[in-house]
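Hydrogens, waters and symmetry mates play no part in the numbers below; they use all other heavy atoms, side chains included.
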Amino acid sequence: MTHTQQSKPTPPESRLERGRRMLNEVDGEAGARVVEALADIAPDFATYLLEFPFGDIYARPGLDLRAREIATIAALSALGNAAPQLRVHIRAGLNVGISREEIIETIMQMAVYAGFPAALNALAVARDAFADDAP
């Protein structure tokens with residue numbers, strides 16, 4: 001390669017670009033729909049959602065996407081009041097290789113720490129998410 005043919009270095013990926021890539025890897029089209037749904041009411045919030053949770057946290061080393069989704073399903077189940085987000089993350093869990101049985105066991109484990117009402121609510125969300133995923 002001559003000095004006139006030198007390639008330009010690729011600029012580092014921005015938090016936003018990394019967040020979009022990670023969201024797509026985890027949630028696919030469902031994640032894009034969440035971001036699109038915020039465009040008319042809170043576009044800045046959509047940017048924050050991409051940059052921090054997905055661009056910073058999900059992209060970190062130390063846990064694979066499967067482990068991150070198990071933790072997310074557990075946390076959202078324990079909250080007991082995050083059904084729409086839980087549904088998205090159950091589908092994301094299936095997308096990254098978590099089995100239905102593992103999702104159910106994760107939710108059942110939350111009955112010990114978050115109570116039966118939270119676990120029952122999460123199981124109802126799982127039933128609906130599994131139905132969405134049916135062939």
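Summarising the geometry of Ala92 relative to Glu69, their closest heavy-atom pair is CB-OE1, 3.7 Å, with the distance given to 0.1 Å. Looking at every heavy atom in both residues, Glu17 comes nearest to Pro12 through OE1-O, 4.2 Å. Contact between Pro53 and Tyr48 at its shortest, heavy atoms only, is CD-O, 3.4 Å. A pairwise comparison of heavy atoms in Ala118 and Gly80 identifies CB-CA, 4.1 Å as the closest pair.
Among residue pairs with one or both ends in residues 19-32, those qualifying as salt bridge (Lys or Arg N to Asp or Glu O under 4.0 Å) are Glu13-Arg21, Glu29-Arg33; sequence neighbours excluded. The salt bridge (Lys or Arg N to Asp or Glu O under 4.0 Å) analysis of residues 37-60, with sequence neighbours excluded, yields the pairs Arg15-Glu51, Arg15-Asp56, Arg18-Asp56.
When hydrophobic side chains of Ile, Leu, Val, Met, Phe, Trp and Tyr are connected at separations under 4.5 Å, Leu63 ends up as a singleton with no cluster partners. Its side chain within the 4.5 Å cluster rule, Phe52 clusters with Ile57 among the Ile, Leu, Val, Met, Phe, Trp and Tyr residues.
Looking only at side-chain heavy atoms (C-beta outward), Tyr58 and Leu23 stay at 4.5 Å or farther from each other. In this structure, the side chains of Leu76 and Leu79 come closer than 4.5 Å at one or more pairs of heavy atoms.
Here Arg87 pairs with Asp132 under the side-chain hydrogen bond (donor to acceptor under 3.5 Å, both in side chains) rule; sequence neighbours left out.
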Between side-chain atoms of residues 102-116 and protein atoms elsewhere (two or more places apart, or another chain), which donor-acceptor pairs fall under 3.5 Å?
from   : atom 1 : to     : atom 2 : distance (Å)
Glu102 : OE1    : Arg66  : NH2    : 2.5
Glu102 : OE1    : Ser99  : N      : 2.9
Glu102 : OE1    : Ser99  : OG     : 3.3
Glu102 : OE2    : Arg66  : NH2    : 2.5
Thr106 : OG1    : Glu102 : O      : 2.8

**Q.** Stepwise side chain to side chain contact (heavy atoms under 4.5 Å, CB included) check, Leu65 with Met22
**A.** CA-CA 9 Å; Leu65 292 178; Met22 294 304 299; 3.6 Å; yes
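Judged by distance alone, with hydrogens and angles left aside, the side-chain atoms of Arg100 form a donor-acceptor pair with the main-chain N or O of Phe130 at under 3.5 Å.
Checked options Leu94, Val125, Thr72; the residue passing with His89 is Thr72 (criterion: side-chain contact (heavy atoms from CB on, under 4.5 Å)).
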